[in-house]
Chemist: 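Dropping the structure in here first, questions after.
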Amino acid sequence: MSTEKKGKKLQIALYWGASCGGCEIGMLDIDEKILDLTAAADIVFWPVALDTKYKDVEALADGSIDVCFFNGGIRNSEAEHLAKLLRKKSKILISFGACAVSGGVPGLANLSNREGTFTTAYLENPSTDNPERHVPKTHMKVKEGELTIPEFYDTLLPLHKVVDVDYFIPGCPPPPWLILDAFNAIVEGKLPEKGSVLAPLKSVCDECRFKLSEKKINTVKRIYELEKIEEKCFLEQSVICMGPATRSGCHGRCMEGNMPCTGCQGILPNALDQGASMISALASILGVEGEQDMTEKEVDALLDKIPDVVGTFYKYTLAASLINRKVMK
Ligand code: SF4
Ligand code: SF4
Ligand code: SF4
């Protein structure tokens, strides 16, 4: 990365919290436009790609990073420390990708706590060989000295619940065109008001190649239960599609690939809770003949057709939803 014109170029930083790394790859999906980015900006911190250290960031003057793209939620003390440090050092902090914006898939661990997560990951996982039943500890003495690792929290939080965030770019990962639009707005000084989500205001259905069905359905199917995937709205085929409750900006790319939307662009503007919005949309098209005469057992059987309610309706937003986490006794 050239630093020849340092001081004139934008100084940008990229960091990850509880993230799968896909957002880092998503950044590279802008292809050759990465050259425009590097012509306009110096990357001062990007641990996944550059040999930069935390002490390099600590040594920077407050506010000296122009823009920081932070992906991943806050799951441990290291991510929290870096979020606070980068907030202090950055003029603009962007919550980048579904995990930072609303917890994403790692936020589903809010159905459990640290103990439950460790038990599943380190003790009960069939592929884990751990006869001495070790689980991570923040401090451990070994013959070479004392080891310290970050503290793992009970609850995963989206970035804006920990530090003040200026802008949000949704998606899992954010589509390249949204990244480029955001970058151009930064370079041209055309960012909207603080707190904005840098994505269109409509729903995924508005960008979809199919027309949202208004037809009533009387059951719910999983995609593998369809004999044939037809060229029409997935809801009309009785398959749950999160399009009506999800913000647009992805160009309906899952339906281009003949798969229903799972909701990664997150909550719609003015909605309070993505899962609740979708349950409400589904309730309005799910019409079972004689439903008023159904027994409780029959209603349960219908609901059982949705095998993973939280994973279906809150796949990317549980940590930012109204329910937010499961209360553990
Ligand atoms: S938003 Fe998606 S791609 Fe980005 S870190 Fe989270 S899971 Fe990975
Ligand atoms: S529900 Fe899904 S398939 Fe139907 S129009 Fe909306 S996004 Fe497209
Ligand atoms: S269609 Fe849905 S799941 Fe697929 S990229 Fe768009 S918002 Fe994400």
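From a predicted model like this one, the values you see are computed outputs, not experimental measurements. All ligand and atom numbering here is 1-based and tracks the order in the structure.
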Chemist: For atom 6 (Fe) of ligand 2, state which one of C205, A281, G243 supplies the nearest heavy atom.
Modeler: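 Selected option, by shortest heavy-atom distance: C205.
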
Chemist: Numbering the atoms of ligand 2 from 1, which are under 4.0 Å from a heavy atom of P244?
Modeler: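 Those of ligand 2 that fall under 4.0 Å from P244 are 1 (S).
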
Chemist: Would you tell me which option among G17, A98, G26, P170 has the nearest heavy-atom contact to atom 1 (S) of ligand 1?
Modeler: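 The residue whose heavy atom sits nearest atom 1 (S) of ligand 1 is A98.
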
Chemist: Among L212, V204, I240, whose heavy atom sits nearest atom 5 (S) of ligand 2?
Modeler: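 Looking at heavy atoms only, L212 sits closest to atom 5 (S) of ligand 2.
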
Chemist: State, to 0.1 Å, how close P170 and V101 come at their nearest heavy-atom pair, and which atoms those are.
Modeler: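 That closest heavy-atom pairing would be CA-CG2, 4.4 Å.
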
Chemist: What do we get for T246 next to ligand 3 when only non-hydrogen atoms under 4.0 Å count, side chain, backbone, both or neither?
Modeler: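 Side chain only.
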
Chemist: Regarding S77 and Y153, do their side chains bring together a donor and an acceptor under 3.5 Å, going by distance alone?
Modeler: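 No pair is found: no donor N or O on one side chain lies under 3.5 Å from an acceptor on the other.
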
Chemist: Which atoms of ligand 1 have any heavy atom of C23 under 4.0 Å away?
Modeler: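 Counting from 1, the qualifying ligand atoms are 1 (S), 3 (S), 4 (Fe), 5 (S).
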
Chemist: Between F210 and F234, what is the ring plane arrangement, given parallel below 30°, perpendicular above 60°, and tilted in between?
Modeler: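 Judged by the thresholds at 30° and 60°, the geometry between F210 and F234 is perpendicular.
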
Chemist: Can you confirm whether the side chains of N324 and S321 place a donor and an acceptor under 3.5 Å from each other?
Modeler: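 Not at all, the side chains of N324 and S321 share no donor-acceptor pair under 3.5 Å.
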
Chemist: So, is C241 placed with an N/O/S atom under 2.8 Å from atom 4 (Fe) of ligand 2, counting both backbone and side chain?
Modeler: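 So C241 does not bind atom 4 (Fe) of ligand 2 by this criterion.
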
Chemist: Would you name the heavy atoms of G107 and L156 that are closest together and state the gap between them?
Modeler: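 Closest pair (atom of G107, atom of L156, distance): CA-CD2, 4.0 Å.
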
Chemist: Can you sort out which atoms of ligand 3 are near C254, meaning under 4.0 Å from one of its heavy atoms?
Modeler: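 Result: 1 (S), 3 (S), 4 (Fe), 5 (S).
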
Chemist: Would T246 and Q274 count as having a side-chain donor-acceptor pair, cut-off 3.5 Å?
Modeler: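 Yes - a donor-acceptor pair under 3.5 Å links their side chains.
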
Chemist: Which of the atoms in ligand 1, numbered in the order shown and given with their element, are less than 4.0 Å from a heavy-atom of S19?
Modeler: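 Matching atoms, with element in brackets: 5 (S).
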
Chemist: Report the distance from atom NZ of K315 to atom SG of C172, rounding to the nearest 0.5 Å.
Modeler: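 Between K315 NZ and C172 SG, I get 8.0 Å after rounding to 0.5 Å.
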
Chemist: Do you see a donor-acceptor pair shorter than 3.5 Å between the side chains of E151 and N76?
Modeler: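 No donor-acceptor contact under 3.5 Å links the two side chains.
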
Chemist: Which atoms of ligand 1 sit under 4.0 Å from any heavy atom of C20?
Modeler: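 Answer for ligand 1: 3 (S), 5 (S), 7 (S), 8 (Fe).
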
Chemist: In terms of the angle between their ring planes, are H160 and F168 parallel, tilted or perpendicular, with boundaries placed at 30° and 60°?
Modeler: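 Correct class here is perpendicular.
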
Chemist: Would C261 count as a contact residue for ligand 2, given that I'm defining contact as a non-hydrogen atom of the residue lying under 4.0 Å from a ligand atom?
Modeler: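 No, that is not the case, since the closest heavy atom of the residue is not under 4.0 Å from the ligand.
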
Chemist: Considering only non-hydrogen protein atoms, determine which one is nearest to atom 8 (Fe) of ligand 2 and report residue, atom name and distance to 0.1 Å.
Modeler: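 Of every protein heavy atom, C208 SG, 2.4 Å lies nearest to atom 8 (Fe) of ligand 2.
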
Chemist: Among protein heavy atoms, which sits nearest to atom 3 (S) of ligand 2, and what does the distance come to when rounded to 0.1 Å?
Modeler: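 In this structure, atom 3 (S) of ligand 2 has F234 N, 3.3 Å as its nearest protein heavy atom.
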
Chemist: Please list, in number order, the atoms of ligand 1 under 4.0 Å from a heavy atom of G22.
Modeler: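 Checking each atom against G22, I get 3 (S), 8 (Fe).
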
Chemist: Checking side chain to side chain contact (heavy atoms under 4.5 Å, CB included) against I74, which of L82, T155, L159, V163 comes through?
Modeler: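 Looking at L82, T155, L159, V163, the match for I74 under the side chain to side chain contact (heavy atoms under 4.5 Å, CB included) is L159.
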
Chemist: What is the closest protein heavy atom to atom 2 (Fe) of ligand 1, and at what distance does it sit?
Modeler: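 Ranking protein heavy atoms by distance from atom 2 (Fe) of ligand 1, first comes C172 SG, 2.3 Å.
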
Chemist: Heavy-atom contacts under 4.0 Å between R209 and ligand 2: side chain, backbone, both, or neither?
Modeler: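 Answer for R209: neither.
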
Chemist: Show which atoms of ligand 3 fall inside a sub-4.0 Å distance from at least one heavy-atom site of C264.
Modeler: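 The atoms of ligand 3 under 4.0 Å from a heavy atom of C264 are 3 (S), 5 (S), 7 (S), 8 (Fe).
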
Chemist: Which of the atoms in ligand 1, numbered in the order shown and given with their element, are less than 4.0 Å from a heavy-atom of G171?
Modeler: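 Matching atoms, with element in brackets: 1 (S).
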
Chemist: Quick one: which ligand 3 atoms are inside 4.0 Å of a heavy atom on G263?
Modeler: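 Under 4.0 Å from G263, ligand 3 has these atoms: 2 (Fe), 3 (S).
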
Chemist: Which of these, K194, K84, K91, sits in a salt bridge (charged side-chain N to carboxylate O under 4.0 Å, His left out) with D164?
Modeler: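 When salt bridge (charged side-chain N to carboxylate O under 4.0 Å, His left out) is applied between D164 and each of K194, K84, K91, only K194 qualifies.
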
Chemist: If you measure only the distance, is there a donor-acceptor pair under 3.5 Å linking the side chains of N130 and T128?
Modeler: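 Result is no, nothing qualifies.
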
Chemist: Using a strict 4.0 Å threshold on nitrogen-to-oxygen distance, state whether E80 and R75 make a salt bridge.
Modeler: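 No salt bridge links E80 with R75.
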
Chemist: Please state which protein non-hydrogen atom is closest to atom 4 (Fe) of ligand 2 and give its distance, to 0.1 Å?
Modeler: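 Of every protein heavy atom, C233 SG, 2.3 Å lies nearest to atom 4 (Fe) of ligand 2.
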
Chemist: At less than 4.0 angstrom from any non-hydrogen atom of L235, what atoms of ligand 2 do you find?
Modeler: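 Per the distance check, 1 (S).
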
Chemist: In ligand 3, which numbered atoms sit nearer than 4.0 Å to a non-hydrogen atom of C250?
Modeler: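 Heavy-atom distances to C250 below 4.0 Å select 1 (S), 5 (S), 6 (Fe), 7 (S).
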
Chemist: What atoms in ligand 3 come closer than 4.0 Å to a heavy atom of T262?
Modeler: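 Counting from 1, the qualifying ligand atoms are 2 (Fe), 3 (S).
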
Chemist: Establish, from distance only, whether the side-chain atoms of Y15 and E24 form a donor-acceptor pair under 3.5 Å.
Modeler: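 Side chains of Y15 and E24: no pair found under 3.5 Å.
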
